[in-house]
Amino acid sequence: MKSLTELALDLCLDPQYPERPGGHLNEAARDFIEVLTFADADAIMAMINETIPDLTGDLPVWARNLAYRLACLQRPHDAEVLRAAGVDLYSHGPDWDDHAEELGRQADEMDTSFPS
C-alpha cells in the first residue's frame, strides 16, 4: 500500500490538468468531505443513521470510516459512538477487526466506569 504522503500526492496530481490540483476528484466526494470536515458529531451520527441504519447502505467504506473517525474524535468518551464505530468496522472484513475490538473494549470500559 502507498504511504499517506504518496496518496495525498495522488490527490493533487492530474496529468491532464496539472494547474488544477484535485480537479480530477469526483465532485460528490469533494463536497461530502468538505461538509463532513466541519460537521459536528450530532450531524455526523444523524447522517450515518439515515444512510446506513442496518449496516448495508451504499455509503462507500472510506466515507463511513471517515465519518465515524471524526465522530469518535469529537466524542472520545461517548461509549455509544465508539461502539457503533466498532460494529461498523466489523462489516468491512477482518483487516479492521483489531480496531473494532479496541473500540468495543473502550466502550465497555466506559460503561463500567460511568454507569448510567
Side-chain angles (χ1 to χ4, degrees):
M1 175 169 265
K2 291 182 177 182
S3 73
L4 184 57
T5 300
E6 290 169 324
L7 292 168
L9 289 171
D10 286 348
L11 289 175
C12 300
L13 302 175
D14 183 353
Q16 194 170 10
Y17 303 101
E19 72 283 358
R20 282 189 347 199
H24 60 292
L25 299 178
N26 174 302
E27 189 174 332
R30 226 180 16 246
D31 291 347
F32 174 80
I33 293 168
E34 184 175 330
V35 172
L36 180 65
T37 298
F38 298 101
D40 64 25
D42 287 335
I44 293 169
M45 294 308 295
M47 176 274 300
I48 287 169
N49 291 330
E50 291 169 15
T51 59
I52 52 173
D54 60 359
L55 298 180
T56 60
D58 291 334
L59 190 63
V61 171
W62 65 264
R64 293 164 73 150
N65 285 345
L66 182 58
Y68 272 116
R69 180 69 172 166
L70 290 175
C72 288
L73 287 170
Q74 290 181 41
R75 291 197 181 151
H77 304 294
D78 186 328
E80 185 177 326
V81 171
L82 294 179
R83 190 170 284 108
V87 168
D88 189 70
L89 280 176
Y90 278 119
S91 67
H92 302 312
D95 291 349
W96 298 101
D97 286 359
D98 290 344
H99 297 287
E101 289 169 13
E102 176 62 20
L103 288 168
R105 186 190 63 70
Q106 290 174 11
D108 290 344
E109 281 182 13
M110 286 177 206
D111 286 343
T112 305
S113 300
F114 306 106
S116 34

Please report the C-alpha distance between Ile44 and Gln74 in whole Å, then the side-chain angles of each, then the deciding distance to 0.1 Å, and finally whether the side chain to side chain contact (heavy atoms under 4.5 Å, CB included) criterion is met.
-> CA-CA 10 Å; Ile44 293 169; Gln74 290 181 41; 3.8 Å; yes

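Between Pro76 and Leu82 the shortest heavy-atom distance is O-CD1, 3.6 Å. Heavy atoms only, all atoms of each residue included: Met110 and Asp78 are closest at SD-N, 4.0 Å. When all heavy atoms are compared, the tightest approach of Met45 to Ala84 is CE-CB, 4.4 Å. Of all heavy-atom pairs between Cys72 and Ala85, the closest is SG-CB, 3.7 Å. Closest heavy-atom contact between Ile48 and Ala67: CD1-CB, 4.0 Å. In terms of heavy atoms, Leu103 sits closest to Gly86 at CD1-N, 3.7 Å.
Under a cut-off of 6.0 angstrom, the local environment of CZ in Arg105 is crowded, with over 12 non-hydrogen atoms contributed by other residues, nucleotides or ligands. Remark: Glu80 CD is loosely packed, at most 12 non-hydrogen atoms of other residues, nucleotides or ligands lying under 6.0 Å away.
Linking ILVMFWY side-chain heavy atoms closer than 4.5 Å, directly or via other members, places Tyr90 and Trp62 in two distinct hydrophobic clusters. When hydrophobic clusters are built by joining Ile, Leu, Val, Met, Phe, Trp and Tyr residues whose side-chain heavy atoms come closer than 4.5 Å, directly or via intermediates, Val35 is not grouped with Leu66. Hydrophobic clustering of Ile, Leu, Val, Met, Phe, Trp and Tyr side chains at less than 4.5 Å, counting indirect connections, unites Met47 with Tyr68.
With Leu89 as reference, Asn65 is the one residue of Asp95, Asn65, Val61 to meet the side-chain contact (heavy atoms from CB on, under 4.5 Å) rule.
Comment: Arg75 does not engage Asp40 in a salt bridge, judged by the lack of any side-chain N to carboxylate O separation of less than 4.0 angstrom.
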